[in-house]
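By convention in this document, chain letters (A, B, ...) are assigned in the order of the sequence lines, proteins followed by strands, and residues within each chain are numbered from 1.
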Number of protein chains: 2
Amino acid sequence: MATIEDVAKLTGLSRTTISRVINNHPYVSEEKRKLVLEAMEKLGYVPNSSARSLRNQKTSILALFIPRITNPFFSELVEATEIAAAEHGYQLIICQTRYSPEKELNYMNLLKTKQVDGVILASIQNEWKKLKPFLQYGPIVLCNEFDDCANVPTVRLDQVYGGYIATKHLLERGHTKIAYCSGGYRSNVAQSREIGFKKALAEYKLTFDERYAFRDVFHIADGKRVFHQMMALSERPTAVFTGSDEVAAGIISEALRCGYRIPEDLAVVGFDNQAITELTNPTITTVHQPVKQMAQKAVDIIVEKIQTKKYEVKEIYEFPLQLIVRASTVGSELHESEA
Amino acid sequence: MATIEDVAKLTGLSRTTISRVINNHPYVSEEKRKLVLEAMEKLGYVPNSSARSLRNQKTSILALFIPRITNPFFSELVEATEIAAAEHGYQLIICQTRYSPEKELNYMNLLKTKQVDGVILASIQNEWKKLKPFLQYGPIVLCNEFDDCANVPTVRLDQVYGGYIATKHLLERGHTKIAYCSGGYRSNVAQSREIGFKKALAEYKLTFDERYAFRDVFHIADGKRVFHQMMALSERPTAVFTGSDEVAAGIISEALRCGYRIPEDLAVVGFDNQAITELTNPTITTVHQPVKQMAQKAVDIIVEKIQTKKYEVKEIYEFPLQLIVRASTVGSELHESEA
DNA sequence: TATGAATATGAAAACGATTTCATTCGTTTC
DNA sequence: GAAACGAATGAAATCGTTTTCATATTCATA
């Protein structure tokens, strides 16, 4: 309610001086500073954000694009991003694209209308050439997603390596018939993991068998369904690589219910290292993703880009994944952890 | 980059007319309207949000306060709230208080500085009297939380009833030694459920036994720990009421690992009806909370309050909970669902 | 003691929209 | 044919800050 003008009137000073006090600028006498501070307190004055944004051409708000927040991986990403943003004095607006290119494009207008200072894309639903024009309005940083065409900073995890170590682990344990489950087809993340999966197979002179491949497998229920599909194959796989712990948990749950033994009848490896991996019995071998570090880096980068105003720079920051060996692949044997 | 002034210059019209076109005001000739639209297109013009916010005294942003987003209950709440907000043309800023009163108070300044038009509190860490002063700057709506002192709209679930039906279900199945696990002590939600728990006991002439009570039990790991505490009691409970599915899952997981049978040795009821309830074996009897409806209502209400500018009104909207009976309380018997 | 630098302050112009109030036309109405 | 009205348009004020520029004062230096 109270404006800077009210404070000026009450103190008998000009708006300029009040502003100097607010922003800790030099050249204000200690006497006046105290006077101003008291008046602000008395009036309950606080600067109006919109006016500041307009004048300073910055909102101190970031937008984070995700498909949907109920996916635990993205919950964790949002949590970490919000904390990192707060550390830099930024608020975080959540944009759930729900896998819709139109919604994504629509949310992009937040950048165009200057409602946010920058966009972190943890989900891409459009081709880069559709997104690129927005770059003239502010920085865009890719986080956990990437696009070869995109000439912007990219913070990502080494998903090829993730697919590789998980698969290699299964191969080392003697499996040769390994099924493959992944989430979104179009997602770069899934594609990278598949490359790593194939790379590991190739090292063992094995080839990718499309009959063992299951795509668009996301949830617990999908895992349960896929389990039955796998068991219906003439040559049943003895191990399965999955793109998420939920799918792994679904497979394990259904397998146990049907009287199969894990890992003796089927070894299962998940992805994400979420809480459920410690819940199932056996616990789930999985791949840990350093989400917090990635989020922190993405925020650091975008804040820097906002300051320097250089948006079109292709920089890649990659974080390693880590295999966490648990019981779903090695049973009750003593198992050593692998890096 | 382009401003309304640029459009005015290009078309040879005044800013006023451009503004009329933007806001679909009457009294603009079709000829000029087209001219303006073309110019806007050509310049890539889009109105600046900060300028609009300043002039219109509204930001079209809501703040949602939650303790932390990785709690699946809150993930779901955020998802639903974001969708509902978008329907009304509002963006959503996420404020994770992480159970800290200071953080909460700090985020409240978003309202004071007019960075948001309203606040939805799905978590309260301060006494109402500390929060109340902010009411002069904009509406506050309580969602899933409540405070008897708070004279603001409150959207909530009937947690007393939730505690009651879950407990009654156990009582009906013959249990008399029922342990009680809850999350945050201070939380009104936990307190209400406890009232319902006690009410059900009372109907069966039973009294609450503090030795069977476990507080501050939140996660899977807490459930595992509590299981051992329960089993260490001289008179072991035969059933347990929990405040969350994760805790229930932790208890079940640990019980099975230690060779106990569920529900024969211990019947378990969870809360929230989350995905893991279908994952464990046995599946988990739980209480479904209509989160989407609640979130939708909270947004509808706050949008209305923003418009009417009447913030201090005590209105209560309550949604019912629903018991979902699964195997963790009735085993493999055929089980009928209860309302 | 005159000169220049450093300190302290304010007036007014931005920032980019919307809105109030005039003003200018045509039309209609009596 | 004058009065009244509605449609179309624009000038200027406004929203609440920050910043530029100018001015006044103090203080040290030659």
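If you take NZ of B/K58 and C1' of D/dG16, they are 18 Å apart, rounded to a whole angstrom. Note: CD1 (A/I4) to P (D/dT19) measures 11 Å, nearest angstrom. Distance CZ (B/R20) to P (D/dA7): 13 Å, rounded to an integer number of Å. Rounded to whole Å, the distance from CZ on B/R33 to C1' on D/dA7 is 13 Å. Whole-Å rounding puts the B/N56 CG to C/dT19 C1' distance at 10 Å. Remark: P of D/dA7 and CD of B/E30 are 15 Å apart, rounded to the nearest angstrom. Rounding to whole angstrom units, CD1 of residue B/I18 and C1' of C/dT19 are separated by 15 Å. As rounded to whole Å, 14 Å separates atom P of C/dA17 from atom CD of A/Q115.
When each of B/L43, B/L37, B/V21 is checked for a side chain to side chain contact (heavy atoms under 4.5 Å, CB included) with B/V7, only B/L43 meets the rule.
Counting heavy atoms from C-beta outward, A/V36 and A/L13 have side chains that approach closer than 4.5 Å. Using a 4.5 Å heavy-atom cutoff, the side chains of A/T70 and B/P72 are not in contact.
Counting atom types as modelled, B/T3 pairs no side-chain N or O with a base atom of C/dA17 as donor and acceptor under 3.5 Å. Side-chain N/O atoms of B/S50 and base N/O atoms of C/dA17 include no donor-acceptor pair closer than 3.5 Å. Not a single donor-acceptor contact under 3.5 angstrom links the side-chain atoms of B/R55 to the base of C/dT19.
Taking 4.0 angstrom as the limit, A/Y27 places none of its side-chain polar atoms (N or O) nearer than this to OP1 or OP2 of C/dA8. For D/dA8, the OP1/OP2 oxygens have no side-chain nitrogen or oxygen of B/K32 closer than 4.0 Å. For the pair B/T16 and D/dG10, the criterion of a side-chain N or O lying under 4.0 Å from OP1 or OP2 is not met. A sub-4.0 Å separation between OP1 or OP2 of C/dA14 and a side-chain N or O of A/Q57 is absent. Dashed line: the shortest gap from a side-chain N or O of B/N23 to OP1 or OP2 of C/dT18 is under 4.0 Å. Side-chain N/O atoms of A/R15 include none lying less than 4.0 angstrom from OP1 or OP2 on C/dG10.
Here A/R156 does not pair with A/E145 in a salt bridge; the nearest charged N to carboxylate O distance is not below 4.0 Å. A salt bridge is absent between B/R33 and B/E38: the closest approach of a Lys/Arg side-chain nitrogen to an acidic carboxylate oxygen does not fall below 4.0 angstrom.
Contact annotation for A/T17: backbone-only contact, meaning every heavy-atom pair under 4.0 Å involves sugar-phosphate atoms and none involves a base. At a threshold of 4.0 angstrom between heavy atoms, the contacts of B/S19 include nucleobase atoms, whether or not backbone atoms are also involved. Looking at heavy-atom distances under 4.0 Å, B/V46 makes contact with sugar-phosphate atoms alone, never a base. If you check every strand for non-hydrogen atoms under 4.0 Å, A/E5 touches nothing. Among the atoms of the strands shown, only primed sugar atoms or phosphate atoms (P, OP1, OP2) are found under 4.0 Å from some heavy atom of A/L13.
Comparing D/dA11, C/dT18, C/dA8 by their nearest atom to the side chain of B/S14 picks out D/dA11. Proximity note for A/R52 (side chain, C-beta onward) versus D/dA11, C/dA17, D/dT17: the nearest is D/dT17.
Cation-pi geometry between A/K305 and A/Y311 is not met at under 6.0 angstrom from the ring centre and within 45 degrees of the axis.
Each of A/Y45 and B/G12 has a nearest nucleotide on DNA chain D; the 5'-most of these lies closest to B/G12. In this structure, B/L54 and B/P26 both approach DNA chain D, and ranking their closest nucleotides by distance from the 5' end singles out B/P26.
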